[in-house]
Amino acid sequence: MEINYLGYEPTDVRVGSVTHFDITLKEDSQQISDVLVVGYTPMRKSDFTGSVASVKSSELTTTTPTMAQALAGKVAGVEVRQASGAPGEGVQIRVRGVNSLSAGSDPLYVVDGYPASEDVYINPGDIESIDILKDAASAAIYGSRGASGVVLITTKRGKEGERAKISYDFSYGIQQLERKVDLLDANQFRDLYIASRNDSYRRKATAAGIAWSPNDDNTIRSAKGFSLADVGIHPMFYDFTTRTPVEQQYNTDWQDEVFGNAGMMRHNISVTGGSKAIRYMASVGYMDQDGIIAPSNHNRINARLNLDAQITKHFSASLSYSMYDVKNKVVQAEGRMINDGVIQSMLMYLPNLPAYEENGDYARSAMIRMVTDWGINFPENPLVIANELDISEKTSRHNLNFNLVYEPLPDLKISARLGQQWYNYRYFYYRPMSIGRNSTPAYGPELASYNIARSSSTYDIDRLGEFTASYKKQLGRHHVDALIGYTLQRKTYDRLGVQATGFADDRIHEVTAHGPKDSDVSLYETRKAAWSMMSYLARLNYSFDDRYTVTGTFRTDGSSRFGVNNRWGYFPSVSAGWTISNEPFLKDALENIATVRIRASWGKSGNNDIGNYSSIAGISTGSYAFGTTAVSTSRLGGFADSELGWETTTQTNIGLDLGFFNSRLNVIANYYNSISTDILYNAPISAISGFTSSTTNMTDAKIRNRGFDLQVDARLLTGKVKWNVSTNISINRNKVVSLGGLDDILSTSERSVQSHITKEGYPIGSFYGYKAVGIMSELDYKNALKDREVYLANGSKFPAGYTLQGPAVPSYALDDLSYGNTIWKDVSGDGVIDTNDKTILGNAYPDFTGGFSTSLSWKGFDLGASFTYSYGGEVINFQDYYLFNVEGSSNQYAIAADRYVSDTNPGRNNVPIATRISVTNQSLKLSSYYVEDASYFRCSNITLGYTLPKRLLRKIGVESCRVYVSGDNLFTITDYRGYNPEVSYKSSNLMPGFDWGCYPLSRIYSVGLNLTF
């Protein structure tokens, strides 16, 4: 008798007269890879007709701080972006692009059957496999939250007949800054500073008709009525008596001061085993990661318990429990320097200033003291901010998941899953008086209003109930797989935040040390909310003779987030597959040579990630005047759309699966076309209603994502030397097909700058601004002066038909006009540079992305390497607002040294002349200067390991021992001036690819040990 079970090798048993057998099947690793958990029940890969990408545990890099980071470059059609290198920070995952304007575009995570709304801290060593559902037909079974893809994470479990096995993993790594930003040194900044003040002096004197000389000292310049903040030169930079620049005392490399080597240690121990009655897996993990910006730190404890029990012949049960406890010491790296952004403060801080005083204390507020008199910008010493701005977080999450299965018939399973997730988050913040701000140095009394402590607490509970019945039957050449189900999920949110001021001193960094006045304590953040969802689902899969497969899925979801008349969304899908190589006329000819399969799918999925209560008008409090008395009142808080409903994504996928030489070479290709409709958006409404916007469905709007992804896997050598290679490439084109009659959406980012536009015919959140086309020469300047005469003589406009002699400019004021200014493209052709000349400058979406990995093993040695790349995307480096303005008010990118000086010394021909005053013709906010190429090629990981011979280990009771050395983020090749071309400071879909000072990535060198007992 032959015993077969999916995922295990068949076993022959001689029956004879024996009536009872105890049989242990051996796991078949090849078949295991052919089993997919694609929604509530396992399915044979041969029966699956959608688009899925699978990553096995052996393919994951376990040296990365988080699980999601290990996916980078591993999966076709999935873009994994690591925007921040802060300790413990996760990644941004996009499955086949962005399909919504304002609703979420993150995929749904399902961990051991439990749907979660975000990535969680899962120990990479606990993972058995990761399956990513990419097309709507695959994700439709998850209905409401599958529009942006589904990431299915299956953790390891004990196996029947497996003796108890103990595994211990250890690694220790050193992190360092992956790449530095090129900045001016002290003498280069000195020269730029002097040049910018002299040019400002020239402009102002010329406009006033006053004689000037660069040798005029500060007394003369001030006497002529000009502010030294604009035209004065600080004595630390220039000696007017000798008319020579001053050799600088300091040349501080602030990146060397702020960034340092940081340790990262990880321990993980697990126990697995099982008998016929019960199977178990338990693990405990610990990680401590310092950040390359001290004192940032991420400290994490993980625990997991998976139990599976065969209670009776017909009943089985499983229990999964997981938890993590995280403590973060936070350095506020991102954001503007005035808001204590460490990265921007560090890049702006003058190399001419020291980091420390002679007594060893921090040299505080040196630039701040130069603001009023000398026109220097006002970041605080970044070491002061990093070390004395006190921010910490404590997070814990517990997840309990219980599943009971009743099997009344061999092919019928009835399952009930109950789960609950508890989430706790605490946030602590304290800003001491020792950090200066604006024009007030450290400890100044004006800082009292910024001397703030905050404490907030968040407590969320997520409850889940899933009830399903599945039926699988093999009848000859016919295979049927059916599923029906009913699910309920509810999540509640509870948040309270308290803020305090009035501290006597900086000794106690707690809200409880607030001042004596009632106004010294206030609420700054409160939230109580909940959402719930009810769902019905069904799936039917039919396969004939392993040749033809058809699958139909239907799910309907009711969400409390929508209006009472539109709460239910309906998400059908259908898919089919044809294994051509199993046709009788090809099977013998192609046996062990090739397999050929084509797939096609169509489906709908939904998106309800818009927050709670958008369909309900809230109540706001206020007051009105009754005579001379102010009377408190309540009023309508907003205009709500009671018909608010689901955003829907419809996707078509066509796929081709090829296998050659007994699956030694496999090719998976997919073409897809995705259309999102009924777009959820906070659309503008007439102010006559009393409000300016309302969340609604843009019924006529359409967003399209269309693309192609290709995965190639090869086992090149399979003998004593094993060599595997894998590569993938993904191409996605995002396009706003229609805004449904809505005007272009202009998005304002930082410094009140409209940086992005969402416009029909272009990708969501395209970059928007002025285009630089050159530098104004001395001849251009003379011609522009001629145009100025005509312009002023005609009442500040040009006469009809006039042809410009020089380039178009925004302003003809004399102190705005100069050689060395940027020439802007006159898009409208009206001879004047104004807002009509803004144009699309690019977008953040790459032309293509991909990855490449290889693994080689011989005897006990193993070598693995993985690389990722992205080509054609762009990023707004808004750091240029300060670092490339050539004003001489803060440090600049190194290319500012190669600026325009004169026609005989034009520099790079794309860096304008240095000038301190804010010139209308130069300071046009966002322009093509800010937009940079974000293409890159990165070495994600290289690992070399050695497994000791078993004959040496058995003597000491060790089953296996592997030691390894590893490097993560070893190098990045890119033309981007900033730290990380994957940066994305803004979380909004409407404002992608924006750099405003984010925590850089680190290079990690690790050593590790894997032990099994």
Side-chain angles (χ1 to χ4, degrees), residues 81-85 177-185 188-189 192 253-256 258-259 333-337 341-351 377 379 382 749-751 753 755 767 769 771-772 775 822 841-844 846 869-900 907-912 914 925-938 969 971-986 992-1003:
R81 301 173 66 95
Q82 188 174 353
S84 171
L177 180 66
E178 194 266 333
R179 59 198 301 266
K180 291 174 71 173
V181 171
D182 290 333
L183 300 168
L184 298 177
D185 64 24
Q188 288 174 321
F189 175 79
L192 183 143
D253 188 326
W254 286 98
Q255 294 179 88
D256 287 347
V258 171
F259 298 119
E334 69 283 348
R336 190 181 173 207
M337 50 85 186
V342 169
I343 295 298
Q344 191 175 98
S345 298
M346 173 196 67
L347 295 175
M348 292 176 63
Y349 221 79
L350 302 187
N377 234 311
S749 53
E750 297 295 325
R751 309 298 293 133
V753 173
S755 56
F767 305 152
K771 185 172 181 61
I775 299 295
T822 300
L841 303 172
N843 62 77
Y869 59 85
S870 175
Y871 179 80
E874 293 161 308
V875 64
I876 294 176
N877 188 355
F878 206 67
Q879 300 281 63
D880 286 10
Y881 187 90
Y882 292 114
L883 300 179
F884 197 33
N885 58 22
V886 288
E887 290 182 359
S889 56
S890 66
N891 204 9
Q892 304 283 287
Y893 287 123
I895 60 171
D898 202 11
R899 62 193 174 274
Y900 177 95
R908 298 164 54 101
N909 273 321
N910 63 356
V911 181
K925 306 297 184 184
L926 195 124
S927 69
S928 55
Y929 278 122
Y930 292 64
V931 178
E932 296 186 41
D933 184 9
S935 302
Y936 69 88
F937 178 83
R938 174 176 294 148
N969 288 335
F971 62 82
T972 301
I973 301 173
T974 181
D975 289 334
Y976 182 55
R977 282 200 297 265
Y979 287 112
N980 180 12
E982 291 187 292
V983 66
S984 186
Y985 174 74
K986 295 291 185 179
F994 191 90
D995 191 347
W996 194 226
C998 294
Y999 205 117
L1001 302 186
S1002 58
R1003 181 188 297 115

* Which atom pair, heavy atoms only, marks the closest approach of A83 to N980? -> O-ND2, 3.6 Å

* **Y900: partners by ring-ring contact (aromatic ring centres under 6.0 Å, His included), with sequence neighbours left out** => none

* State plainly whether the residues E750 and R336 are in salt-bridge range, i.e. N to O under 4.0 Å. => no

* Residues forming a side-chain contact (heavy atoms from CB on, under 4.5 Å) with Y871, sequence neighbours excluded -> D847, F848, S935

* Taking every non-hydrogen atom, the tightest pair across A333 and Y999 -> CB-CD1, 3.7 Å

* To do: May I ask you to decide if the ring planes of F259 and Y979 are parallel, tilted or perpendicular, using 30° and 60° as cut-offs?
  => perpendicular

* Give the C-alpha distance, both sets of side-chain angles, the deciding distance and a yes or no for side chain to side chain contact (heavy atoms under 4.5 Å, CB included) between E982 and Y936. => CA-CA 9 Å; E982 291 187 292; Y936 69 88; 3.0 Å; yes

* CE of M348 to CG of L183: how many Å apart, nearest 0.5 Å? -> 11.5 Å

* Do the side chain of E874 and the main chain of A934 share a donor and acceptor less than 3.5 angstrom apart? -> no

* To do: Hey, could you give me the CD1/CG distance between I876 and L926, rounded to the nearest 0.5 Å?
  => 5.0 Å

* Asked: Between E932 and D975, what is the shortest heavy-atom contact and its length?
  -> OE1-O, 4.2 Å

* **Geometric cation-pi criterion, R751 with F878: 6.0 Å, 45°** => no

* Cut-off 3.5 Å, side chains only: do Y893 and Q879 have a donor facing an acceptor? -> no

* **Within 6.0 Å of NZ in K986, more than 12 heavy atoms from elsewhere** => yes

* Asked: Heavy atoms, side chains only, cut-off 4.5 Å: are P1000 and I343 in contact?
  -> yes

* Look only at the side chain of D182 and the backbone of I895, and say whether a donor-acceptor pair between them is shorter than 3.5 Å. => no

* Structure fact -> All heavy atoms of Q892 vs all of N885, minimum pair found to be OE1-N, 3.0 Å

* **G978 backbone acceptor or donor facing R179 side chain under 3.5 Å** => yes

* To do: Could you grab the distance from atom OH of Y985 to atom CZ of F994, nearest 0.5 Å is fine?
  => 8.0 Å

* Asked: Are any of the side-chain heavy atoms of V342 and P382 separated by less than 4.5 Å?
  -> yes

* Structure fact -> Rounded to the nearest 0.5 Å, the CG atom of N877 sits from the CG atom of D995 at a distance of 5.0 Å

* Structure fact -> Distance col, row Q344:CD vs S890:OG, nearest 0.5 angstrom, shows 8.5 Å

* Is there a donor-acceptor contact under 3.5 Å from the side chain of W996 to the main chain of E334? -> no

* To do: To the nearest 0.5 Å, tell me how far L177 CG sits from S1002 OG.
  => 8.5 Å

* For the student: nearest non-hydrogen atoms of S928 and L841, plus distance -> N-CD1, 3.7 Å

* Test log, rule side chain to side chain donor-acceptor pair (under 3.5 Å), inputs S755 and Y930 -> CA-CA 10 Å; S755 56; Y930 292 64; over 6 Å; no

* Step by step, work out the side chain to side chain contact (heavy atoms under 4.5 Å, CB included) result for R977 and L883. => CA-CA 11 Å; R977 282 200 297 265; L883 300 179; over 6 Å; no

* Which residues pass the salt bridge (Lys or Arg N to Asp or Glu O under 4.0 Å) test with D253, sequence neighbours left out? -> K180

* Structure fact -> For R899 and P912 the tightest heavy-atom approach is CB-O, 3.5 Å

